[in-house]
Visitor: 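If you scroll down you'll find the structure; I have some questions about it.
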Amino acid sequence: MLQSHLQDTWVTPTAADGSATEVRDAVTGDLVCRVSSDGLDLAGAFGHARRIGGPALGALTFPQRAGLLEAVADAVRARREELYALSARAGATLNDARYDVDGGIRVLRDYAARARAGLPDAPHLVEGPAERLARGEDFLGVHLVTPSPGLMLQVNAFNFPVWAPLEKLAQAVLAGLPSVVKPATPTAYLTEHLVRIVTEAGVLPPGTLQLVVGSVRPALALLGEQDVLSFTGSAATAETLRTHPTVVARSVRFNAEADSVNAIVLAPDVTPGTPLFEGFVREVVTEMTVKAGQKCTAIRRVLVPREQEAAALDAIAAELAGVTVGDPAAEGVRMGPVVSLAQREDVRRAVRRIAASGRFVHGDPAKVRVVDADPGRGAFLDTLLVSADPEAAAPHEVEPFGPAATVLAYRDTAHAADLLARGRGSLAASLVSDDVPWTTGLVARTAAWHGRLHLLDSVTLGQTTGHGSPLPALRHGGPGRAGGGSEMAGLRGVLDLMQRTAVQGSRRTLDALGA
């Protein structure tokens with residue numbers, strides 16, 4: 001039975017094995033652990049975070065909090081091989097595991113460096129110069145940014161069990177907020193091991209980091225006005241959390257980063273056989289295969305000019321044909337299974353709905369050739385490329401959260417912009433073109449529908465970090481279906497977790513506050 005870490009102690013739930021949720025190895029189908037939150041003192045955990053963790057963090061200066069992040073990064077890096085090994089049980093290749101684990105470490109270090117460079121040696125921040133508020137010189141106003149006396153409840157998705165809690169922890173610690181982490185059940189054992197690594201290192205003040213495995217639904221009623229509910233997952237769950245009576249009644253700060261049907265658009269000027277066209281194909285295939293396509297930023301819709309549809313389909317399918325699927329520990333395997341058999345069925349249902357208006361160009365949702373594994377026991381899928389009618393609803397509404405993408409042919413730029421908007425908001429979109437007026441024109445028409453735009457041309461081709469890689473310096477989130485939230489965004493994201501208060505007073509009093 002997987003344990004939770006509450007009030008700085010490891011706790012075993014009271015549920016009998018038969019009533020707990022079983023978590024199975026994505027490769028072999030073997031039992032990994034059982035998960036339950038029965039009998040856990042969630043009220044005590046929340047109180048501990050507010051009474052112990054919050055004051056301990058709030059008393060520290062920003063540079064001191066940055067030092068905590070550096071210590072956590074060192075602790076995780078020293079034992080990251082353990083996390084790599086566990087990640088294979090969730091279907092991750094070594095490359096996938098590094099994306100998750102090393103990405104989390106990099107975010108911690110990035111935020112520590114940004115805090116040291118951009119925040120004062122104080123527990124709080126005064127923004128900007130004082131504003132004169134009257135005819136005289138003595139009545140002034142500033143904005144004071146202070147830690148909130150609450151906590152952050154992290155409700156995370158299964159696809160990044162290390163990176164997601166560390167990314168949110170980085171901002172929360174700098175903001176002076178203790179974290180209670182609720183991981184998704186299919187990969188909760190990975191987050192549990194991460195928390196063990198951090199707690200055994202003893203680098204965080206008591207009450208700073210707690211872990212609840214299993215259902216956290218009863219905890220939602222414990223949230224208060226000074227708390228933050230930070231969610232990553234499906235749009236449907238985001239809606240449920242956003243409208244929870246306690247979240248609404250107490251104006252709990254809610255941040256959602258939800259699934260979306262992200263897109264890439266190939267411009268008419270990019271022709272087959274050119275380096276930029278090849279870069280476009282690599283982006284699509286990478287987003288389909290890294291973590292078996294289980295990324296919130298993964299490309300789901302591939303928009304191409306109608307006259308280049310056949311060439312794009314042929315090129316992407318040819319590249320996918322070289323992707324070996326199987327046990328992620330086996331030599332030469334490029335893509336492992338999705339996280340569970342249930343997830344495999346969800347992807348199958350989704351791609352069949354999309355393909356109803358078109359056809360499968362590559363892959364079969366019902367079968368796959370697998371290396372060094374039993375396809376009947378593991379959650380394996382082939383890479384699935386669909387050609388669909390761009391006017392059909394399903395390609396713009398249904399997200400197959402796995403190794404699948406749909407090619408949609410557009411008539412002209414206006415049609416491409418319209419198709420992008422039919423996704424009703426996304427985390428990321430890529431535009432591939434060397435035609436600067438075309439790119440800037442499409443950016444102007446579609447930026448409002450996307451949290452991030454990745455503009456790929458011949459200049460950036462050799463330097464890009466890729467369509468699907470959120471970066472600490474930039475906002476991660478998106479409008480509409482993508483949740484309307486914002487994570488990271490450099491130090492802006494830290495200050496968004498704090499309380500900004502307008503303070504009016506005399507120069508001598510404001511000077512004493514640090515203005």
Side-chain angles (χ1 to χ4, degrees), residues 1-24 31-57 86 90 149-158 160-162 164-166 168-169 172-173 177-202 204-233 237 240-241 244-247 250 252 254 340:
M1 188 75 72
L2 210 59
Q3 291 185 306
S4 292
H5 187 70
L6 305 176
Q7 301 185 63
D8 301 308
T9 302
W10 287 100
V11 181
T12 302
T14 59
D17 284 351
S19 64
T21 301
E22 292 186 345
V23 177
R24 295 192 172 272
L31 181 66
V32 176
C33 63
R34 292 181 174 87
V35 171
S36 173
S37 59
D38 287 0
L40 299 182
D41 182 9
L42 300 182
F46 277 38
H48 185 70
R50 297 185 185 112
R51 292 191 310 272
I52 306 298
L57 287 174
L86 274 179
L151 58 86
M152 173 186 282
L153 174 60
Q154 298 186 20
V155 180
N156 292 324
F158 69 79
F160 285 97
V162 177
L166 291 181
K168 292 178 182 178
L169 182 71
V173 165
L177 278 174
S179 286
V180 178
V181 178
K182 192 283 180 197
T185 294
T187 51
Y189 57 92
L190 266 159
T191 307
E192 190 255 16
H193 196 71
L194 168 69
V195 173
R196 284 191 185 276
I197 289 172
V198 176
T199 56
E200 288 172 9
L204 291 175
T208 299
L209 176 62
Q210 298 182 81
L211 172 74
V212 177
V213 297
S215 174
V216 77
R217 190 172 300 277
L220 297 176
L222 302 173
L223 292 169
E225 294 80 359
Q226 294 290 338
D227 297 327
V228 175
L229 174 56
S230 183
F231 169 74
T232 303
T237 303
T240 299
L241 295 177
H244 187 277
T246 299
V247 173
R250 298 179 181 172
V252 175
F254 176 66
S340 66

Visitor: If you look at every heavy atom in Leu190 and Ala90, which pair is closest and at what distance?
Guide: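 Of all heavy-atom pairs spanning Leu190 and Ala90, the closest is CD1-CB, 4.3 Å.
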
Visitor: Work out which heavy atom in Ala172 is nearest to a heavy atom in Ser179; give both atom names and the distance.
Guide: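 For Ala172 versus Ser179, the nearest heavy atoms are CB-OG, 3.6 Å.
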
Visitor: Nearest heavy-atom pair of Ala221 and His244: which atoms, and what distance?
Guide: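 Closest heavy-atom pair between Ala221 and His244: N-CE1, 4.0 Å.
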
Visitor: Tell me whether Asn156 contacts the main-chain N or O of Ala184 through its side chain, where contact means a donor paired with an acceptor under 3.5 Å.
Guide: no

Visitor: May I have the step-by-step check of salt bridge (charged side-chain N to carboxylate O under 4.0 Å, His left out) for Arg250 and Asp227, ending in yes or no?
Guide: CA-CA 10 Å; Arg250 298 179 181 172; Asp227 297 327; over 6 Å; no

Visitor: I'd like to know if the side chain of Thr187 and the backbone of Phe158 have a donor-acceptor N/O pair within less than 3.5 Å.
Guide: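 Yes, Thr187 side chain to Phe158 backbone: donor-acceptor pair under 3.5 Å.
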
Visitor: Looking just at side-chain N and O atoms, do Lys168 and Thr232 make a donor-acceptor pair shorter than 3.5 Å?
Guide: yes

Visitor: Using only atom types and a distance under 3.5 Å, with no angle test, would you say the side chain of Ser37 pairs donor to acceptor with the backbone of Ser215?
Guide: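 Between the backbone of Ser215 and the side chain of Ser37 there is a qualifying donor-acceptor contact (under 3.5 Å).
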
Visitor: Working to the nearest 0.5 angstrom, can you tell me the gap between Glu22 CD and Arg34 CZ?
Guide: 5.0 Å

Visitor: Output the distance between atom CG (Leu151) and atom CG (Leu223), rounded to the nearest 0.5 Å.
Guide: 6.5 Å

Visitor: Mind listing the closest non-hydrogen atom pair of Ala45 and Gln210 along with its distance?
Guide: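 Closest pair (atom of Ala45, atom of Gln210, distance): O-NE2, 2.8 Å.
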
Visitor: Ile52 vs Gln7, test: side-chain contact (heavy atoms from CB on, under 4.5 Å). Steps then yes/no.
Guide: CA-CA 9 Å; Ile52 306 298; Gln7 301 185 63; over 6 Å; no

Visitor: Taking atom NE2 of His48 and atom CG of Asp8, what is their separation to the nearest 0.5 Å?
Guide: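 Interatomic distance, His48 NE2 to Asp8 CG, rounded to 0.5 Å: 3.5 Å.
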
Visitor: With sequence neighbours excluded, tell me which residues meet side-chain contact (heavy atoms from CB on, under 4.5 Å) with Leu241.
Guide: Leu220, Leu229, Phe231, Thr237, Phe254

Visitor: Minimum heavy-atom separation for Val35 to Gly214, with atom names?
Guide: CG1-N, 3.3 Å

Visitor: Rounded to the nearest 0.5 Å, what separates atom CG in Leu2 from atom NE2 in His193?
Guide: 11.5 Å

Visitor: Under a 4.5 Å cut-off applied to non-hydrogen side-chain atoms, are Leu177 and Leu57 in contact?
Guide: no

Visitor: State, with a plain yes or no, whether a side-chain heavy atom of Leu222 is found less than 4.5 Å away from one of Leu153.
Guide: no

Visitor: Is there side-chain contact between Val213 and Pro183, with at least one heavy-atom pair below 4.5 Å?
Guide: yes

Visitor: Using a distance-only test with no angle check, is there a side-chain donor-acceptor pair under 3.5 angstrom linking Gln154 and Ser230?
Guide: no

Visitor: In sequence, state the C-alpha distance, the side-chain angles, and the governing distance for Leu40 and Val11, and then conclude on side-chain contact (heavy atoms from CB on, under 4.5 Å).
Guide: CA-CA 8 Å; Leu40 299 182; Val11 181; 3.8 Å; yes

Visitor: Working to the nearest 0.5 Å, report the span between CG of Leu6 and CG of Leu211.
Guide: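 Result: 7.5 Å between the selected atoms.
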
Visitor: Which atom pair, heavy atoms only, marks the closest approach of Thr208 to Pro205?
Guide: OG1-O, 2.8 Å

Visitor: Roughly how far apart are Leu42 CG and Arg217 CZ, rounded to 0.5 Å?
Guide: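 Here the interatomic distance stands at 13.0 Å.
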
Visitor: Compare all side-chain heavy atoms of Trp10 with those of Val195 and state whether any distance is below 4.5 angstrom.
Guide: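 Yes - at least one pair of side-chain heavy atoms lies under 4.5 Å apart.
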
